[in-house]
Amino acid sequence: MKESLSRRAEQLRKELERHEYLYYVLDQPEITDAEFDTLMRELRALEEANPELLTPDSPTQRVGGQPREGFVKVPHSSPMLSLDNALNEQELREFDSRVRALLKSEKYEYVAELKLDGLSMAVNYSGNRLQRALTRGDGRIGEEVTENARTIRSLPMHITWHAFTTEPFEVRGEVVMPRRSFERLNDERERAGLSRFANPRNAAAGALRALDPSVTAARRLDYFAYFLLQDGGPMLDSHWESLEKLAAAGFKVNPHRKKCANLDELQAFIRDWDTRRESLPYEIDGVVAKIDSVDQQERLGWTAKAPRWAIAFKYPARQASTVLENIEVHVGRTGTLTPVAHLKPVSIGGVTVSRATLHNEDEIARLGVEIGDTVLVERSGDVIPKIVRVVEQAANRHPFRIPKSCPVCGGHIVREQGEAASRCVNTNCPARLRESLLHFASRGVMDIDGMGDALVDQLLSRGLVHSVADLYGLTTEQLLELDRMGNKSASKIIQNVEGSRSRPLARALNGLGIPFVGERTAQLLSDHFGGLDAIANASIEVLQEVNEVGPKVAESIRQFFEEKRNRELVERLREAGLQFTAAKHAKEDGPLAGLTFVLTGTLPTLKRDEAKTRIETAGGKVVGSVSAKTSYVVAGEEAGSKLDKARELNITVLDERGLFAILGAEADNGDARGPR
Ligand code: IVH
């Protein structure tokens, strides 16, 4: 009996490890999250009932052990030095000339890699098992963070490829926090009344050095390996081969790497990634170039600080300083007041910036910023610019205070204990209605194309809508009365409103604007309950049975549905014909019926489960691996071997736009509206 239990535990561990690898390293899951959870639960139950079956590298141990008092300091096998920087092409050329001179007229090659904006970590393996993980520390002595490192799912706890090495070895690489984890963390912190992290690197550093490993686990870090060492020195003769070997052994190695035969090729790689870096799911701050041959590396040697065989080309920060001219308050759809910085317009990386978000009063206090100050502003990707710090305090500066009454309706403002945000409590505040309408109609929610700021403002000023439900009563004739509205646009808008009735339950739920219920929570609620009535009638306890729904979110949902006006709104939307039941089963007559899809890589706007739901709602099937039976492969950024397979089998590959096209929907370019 015991023996069969132990065999089952072993089998589960192997299976879970394989699925972790497929999901976190290759980004090619073969099973659903729910199936994964079931396996994990079975293993956990087995281990709890039979503690002797528990192994330190069991996948159940990734969730984080006991909090500890402090970190043990441990010397590195060889110093973890830093890299010299090249801040422009001239400095890069100088570096290359130095290399050429030192190597006389020998041929050499570079390996170009992305410079991941995280923190480095060394991980020691012995007997092919993860033994110890150290932060860089001061370069010579690191801090032991083994328990925390174990929570990083892309870091193998043991190497199953036995041809790898039987000797102890060490991997060095970068711990990063993906943008999505970072955004989610900051949103959660804000909701919990905590201050936001300034950037993913700080958040990753905090997570890796958290005394409680469950904190690390919740922050969803990632690890990219870039060095393979033995006894403190390179294990193989070529850096490129080390990277390949690491990938083969199950480590996540950044796929964007290139062998460059000369400076021109290296510069081309650098320029290419400068234009594309915002599309990566994590932040990079440059490109690292390393001489490929270890023999040449050794001959080039090191200075006291850094190797002479590598250089970090740093992209110029997308930052500029300008004057904070004013701070205005924006009232959001849940009544939250957000201070918005009005800046003297400044060009940052080719884009003129005149607004930045300040989030809340705590953020203003943290920055110590006052109106009139000169501030450093940073722009990253399509996110709203933010203020990094005060560069110079103005002589005539004056502090900003959250108003005592709502700047739009004059209503009462409250800041509840433990909350970072102040809110206007007037549920009829016109600003709240305006924002609710915009949120409801926005892409990713009810997708009512054409229902932007200008139209909503007109509808409100003419008293045509008093709630989101009124949108469904609008007529072409009413729209024709509005400024700059022709027959064609009016009927198109009405058509778009009509079309939105068929959006899935999760979207409608998100559209209701329940505080703390965004896209993800709405999807989880929809999956769990299957219908709006079940959600509206669920108790706080029952709501909390849903993954990721805690007391605060549950309380907010309850409160929302207890309010009479919200119940009435729901009834009116039901009458308008919105989907209040989840499309659990594929529509057999949907436009994609009979078609099989495989998803790979990160799409620009759709999350994987969202893309899956959309395909399934339209009648299509989503499977894990590409075969001759696959109809389409939908590929995004960092698509892996599935894409190669698709090409091999001549299967049509779609990007997100292509997917939208066959879904009959419109591309989701993200809504470039002002700060909130
Ligand atoms: S090589 C001595 N490769 O950048 C070799 N570093 O400025 C140093 N980093 O401390 C590391 N991506 O934290 C290397 N592909 C990459 C990297 C990388 C990010 C970080 C690392 C290092 C710092 C050096």
Side-chain angles (χ1 to χ4, degrees), residues 76-87 91-92 95 99 110-123 133-143 145 149 152 154-155 170-178 199-205 207-209 221-229 232-236 238-240 242-244 246-247 251-260 266 269-270 273-274 277 280-294 296-298 300-317 638:
H76 287 294
S77 58
S78 61
M80 281 181 87
L81 297 188
S82 175
L83 290 175
D84 282 334
N85 291 331
L87 300 179
E91 290 184 11
L92 189 68
F95 163 78
V99 168
Y110 290 113
V111 175
E113 295 164 34
L114 301 182
K115 185 168 171 352
L116 306 154
D117 199 4
L119 51 146
S120 44
M121 181 172 80
V123 192
L134 301 179
T135 62
R136 179 171 180 273
D138 65 3
R140 290 174 195 279
I141 296 174
E143 285 177 322
V145 288
I152 303 176
S154 50
L155 182 67
E170 179 176 330
V171 174
R172 291 184 182 176
E174 200 81 353
V175 176
V176 299
M177 181 175 287
N199 55 51
R201 182 163 29 79
N202 291 0
L208 191 63
R209 299 190 66 258
L221 300 173
D222 211 345
Y223 183 76
F224 288 99
Y226 50 67
F227 277 132
L228 174 56
L229 308 181
M235 181 167 128
L236 304 176
S238 124
H239 179 61
W240 184 263
S242 302
L243 296 178
E244 305 263 282
L246 282 165
F251 289 92
K252 191 162 183 172
V253 177
N254 197 285
H256 307 300
R257 54 183 188 267
K258 189 174 184 289
K259 255 195 210 174
C260 299
L266 177 58
F269 182 88
I270 291 172
W273 278 103
D274 192 17
R277 65 178 166 134
L280 290 165
Y282 40 80
E283 289 193 354
I284 62 167
D285 60 344
V287 164
V288 177
K290 300 169 187 165
I291 292 287
D292 186 34
S293 150
V294 167
Q296 287 176 333
Q297 287 182 2
E298 277 163 9
L300 288 162
W302 305 67
T303 66
K305 257 179 51 253
R308 285 198 199 88
W309 45 266
I311 189 93
F313 182 92
K314 295 265 262 203
Y315 289 126
E638 303 224 306

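For the single chain, residues carry numbers from 1 onward in sequence order. All heavy atoms count here, side chains included; hydrogens, waters and symmetry mates do not. Order of listing sets the numbers, starting from 1, for every ligand and every atom in it.
Closest heavy-atom approach to atom 22 (C) of ligand 1 within the set Trp302, Phe224, Tyr226: this belongs to Tyr226. Of the listed options Arg257, Glu174, Glu113, Glu174 places a heavy atom closest to atom 9 (N) of ligand 1. Scanning Lys115, Met121, Lys290 for the heavy atom closest to atom 3 (N) of ligand 1 points to Lys290.
Salt bridge status for Arg257 with Glu244: present, with a side-chain N to carboxylate O gap under 4.0 Å. Using a cutoff of 4.0 Å between basic side-chain nitrogens and carboxylate oxygens, Glu113 and Lys290 are scored as salt-bridged.
Considering backbone and side-chain N/O atoms, Val288 never comes within less than 3.5 Å of an N/O atom of ligand 1. The N/O atoms of Pro307, backbone and side chain alike, include none that comes under 3.5 Å of an N/O atom in ligand 1.
Checked by atom type, the side-chain pair Tyr282/Glu638 shows a donor-acceptor distance below 3.5 Å.
Of all the atoms in ligand 1, the ones that sit under 4.0 Å from a non-hydrogen atom of Ser120 are 10 (O), 13 (O). The ligand atoms of ligand 1 that sit less than 4.0 angstrom from a heavy atom of Leu81 are 2 (C), 8 (C). Residue Phe227 approaches ligand 1 through these ligand atoms, each under 4.0 Å from one of its heavy atoms: 1 (S), 5 (C), 11 (C).
Tyr110 and Phe95 have tilted rings, their planes meeting at an angle from 30° to 60° on a 0 to 90° scale.
When the options Arg140, Arg136, Met121 are evaluated for a side-chain contact (heavy atoms from CB on, under 4.5 Å) with Met80, the one that passes is Arg136.
Residue Asn254 places no heavy atom under 4.0 Å from ligand 1.
Put simply, the side chain of Trp273 reaches to within 4.5 Å of the side chain of Tyr315, judged on heavy atoms.
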